[in-house]
Amino acid sequence: MNNKEIVKVFQDIADLLELKGENPFKIRAYQRAAFSIEHLSEEVEQLVSENRLREIPGIGEAIGKKISELVATHRLRYYDELKSEFPKGISALLNIPNVGPKTAMLLTRELNIETVDDLERAIKSGKVAMLPRMGDKTSDNILRSIRMLKDKTNRIPIGQALPIVDNIIKRLQGVTGLRNLMPAGSLRRFMETVGDIDLLGTADNTERVMEAFISLPQVKQVLVAGTTKSSVILAGDFQVDLRIVEHDAFGSLLQHFTGSKQHNINLRERSLRQDLSLSEYGITDLKTGVLEKYATEESFYRRLGLQFIPPELREGGDEIQKAQVNSLPKLVEPSDIKGDLHIHTGWSDGHASIEEMVEEARRMGYQYIAITDHSVGRGIARGLDAERLQKQKNEICDLNKRYNNMHILAGIEVDIRADGSLDYPDELLSELDIVCAAVHSGLNQNRNQMTERVLKAIANPNINILAHPTCRQLSGRDPIELDMEAVFHTHGYVTFQYRPQGMGMDHLGAEKGGLGGFPE
DNA sequence: GCCGTTTTCGGCCCGACTGTTTTCAGTCG
């Protein structure tokens, strides 16, 4: 049983317990366990066999036993019994925005509603609005939510979200008294994809800002319109939340709205043990009742006795424990990046010339780049045959003479065919400075086939890099079935050893995951 | 159900907004 399946079981249990009206903290325990397993870098089965389950935060005796049962028997009696208490599929109702456990149970009990379609019909017939505490507005809102759920766009890559944010910020910047307008949430944490956009700012007149926000021309629907918090749906079905507080609470607001949810929960629980209560308005000292305000996040974390935690690390793992003992890792900054070893140009499916890429790389402060266009087998991407490859090498050679502060490596992204053979003969590959190998077709091969295929390809000594090893496309295509452990175990990390004169580069590894549609 | 700078028991993040209500329950982030 893999981690994903175990996560699903515990999330389901949490949902069912919610419907049942169980102790909320018990529900949270299951949610937390699911969260921990979801973010685990090891397989749970492995941890079970090594008796190390209790190392996972949020896994205690009871849930630990349930995991062992799941791993051993692929079933869980507790889960089966719980499921039998409810109509099948009822937890799908919880996916509808504005339908929580109380509403879902009410609908099921009173109207025998078991599916989203049942609910839609019942609303249209007017039965839902007749229920206690329901009414026309609520039932209309639920109907709208169902429609939204049905044509909900997936999370979008951060590269697509950023321009949307820029646009909104530009339009709101002119509002009098508005300051510090910026994105927070998963966007600020630089998650690969974002589900919605969180914007925040400070103002002395929050109403004026909110009015401007919900009146933006790209707003299709207003979900929530308050004095400090509003939510809208943009054309393109994308949700944007805006939160405004007064200027002097900017630090705590930024911290609050950047999240993640789990990071904030962990931080607040820890703070309570120090008699401090955290909110977007500041830190309340529970002994004196005084609210302290913070203009910066740095001072906010400092007050809690913590090293500043960069947004990218605030995912509810062990970042707080590390910040407590000043041992957070140093993150890679743009200035740390000295080169790029996977670049396409107009020679295949890129857009710019090699020289344009060199100029841009120089502007970015790079010291080296590798030109790695597609090999001949990628016809659709205008892959290079031997003759064009030679011409390209000549051009690179000329450019290297003209640019003495930039090393341009002549390379290729050679296609790994379905049988694991490569798209170029060895003698062609051996003449290149650097060779990336990549899978582009036959993506549906099973795990064994795919692993054998890749292992065979990278056994070729001419290969330096396995490019985009998962072949996934964010919000577009699932990863291929590839046993990464086998790849690493058999060949160690694929490294590139090349020592241009005077550069001192002796160990470079590269893999491009792809921000928003990186060309493959 | 988990967990501990005060605890092996008694806590468990915090606040905004909406709709249906005459004071708050439910939902969300």
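FYI, side chains are in, hydrogens and waters are out, and symmetry mates aren't considered; it's all heavy atoms of this structure. We name chains A, B, ... by the order of the sequence lines, and we start the count at 1 in each one.
- Two rings, from A:His440 and A:His468, have their centers less than 6.0 Å apart.
- With rounding to whole Å, A:Asn266 atom CG is found 16 Å from B:dC2 atom P.
- A close approach under 4.0 Å does not occur between any side-chain nitrogen or oxygen of A:Asn98 and OP1 or OP2 of B:dG26.
- Taking atom P in both B:dC12 and B:dC17, the straight-line distance is 25 Å, to the nearest Å.
- An OP1 or OP2 oxygen of B:dC13 is reached within less than 4.0 angstrom by no side-chain nitrogen or oxygen of A:Ser279.
- Residues A:Ala92 and A:Val116 come closest through the heavy atom pair O-CG2, 4.2 Å.
- The side chain of A:Ser231 contributes no N or O atom lying less than 4.0 Å from OP1 or OP2 of B:dC17.
- Between A:Arg32 and B:dC12, a side-chain N or O to OP1/OP2 separation shorter than 4.0 Å is absent.
- B:dT27 atom C1' lies 14 Å from atom CG of A:Leu106, rounded to whole Å.
- Comparing B:dT20, B:dT5, B:dG1 by their nearest atom to the side chain of A:Lys66 picks out B:dG1.
- Under 4.0 Å is where a charged nitrogen must lie from a carboxylate oxygen, and between A:Glu42 and A:Arg52 at least one such pair does.
- The nucleotide B:dG15 finds its pairing partner in B:dC28, both defining distances of the Watson-Crick or G-U wobble pair being shorter than 3.5 Å.
- When each of B:dG29, B:dT18, B:dG1 is scored by its nearest atom to the side-chain atoms of A:Lys229, the top-ranked nucleotide is B:dG29.
- Across all strands shown, A:Ala225 has heavy atoms under 4.0 Å from sugar-phosphate atoms exclusively, and none from any base.
- Checked for salt-bridge contact, A:Arg363 and A:Glu360 meet the test: a charged N lies under 4.0 Å from a carboxylate O.
- Checking the phosphate oxygens (OP1, OP2) of B:dC17, a side-chain nitrogen or oxygen of A:Thr228 falls inside 4.0 Å.
- For B:dC28, the OP1/OP2 oxygens have no side-chain nitrogen or oxygen of A:Lys261 closer than 4.0 Å.
- For the residue pair A:Tyr366 / A:Asp340, no side-chain donor-acceptor distance below 3.5 Å is found, with atom types taken as modelled.
- Across B:dG15 and B:dT22, the matching P atoms stand 26 Å from one another, rounded to whole Å.
- Remark: A:Lys293 is not positioned above the aromatic ring of A:Tyr281, lacking an NZ or CZ atom under 6.0 angstrom from the ring centre and at most 45 degrees off the axis.
- DNA chain B is contacted by no residue of residues 289-318 of chain A, taking any non-hydrogen atom closer than 4.0 Å.
- For A:Tyr281, a side-chain nitrogen or oxygen approaches OP1 or OP2 of B:dA16 to under 4.0 Å.
- Nucleotide B:dC14 holds its P atom 14 Å from the CZ atom of A:Arg270, rounded to whole Å.
- Side-chain proximity of A:Thr103 to B:dC12, B:dT6, B:dG26: nearest is B:dG26.
- Considering only side-chain atoms of A:Lys137, the nucleotide from B:dG19, B:dG29, B:dG1 that sits closest is B:dG19.
- Under 3.5 Å, the side chain of A:Asn23 and the base of B:dG1 form at least one donor-acceptor pair of N or O atoms.
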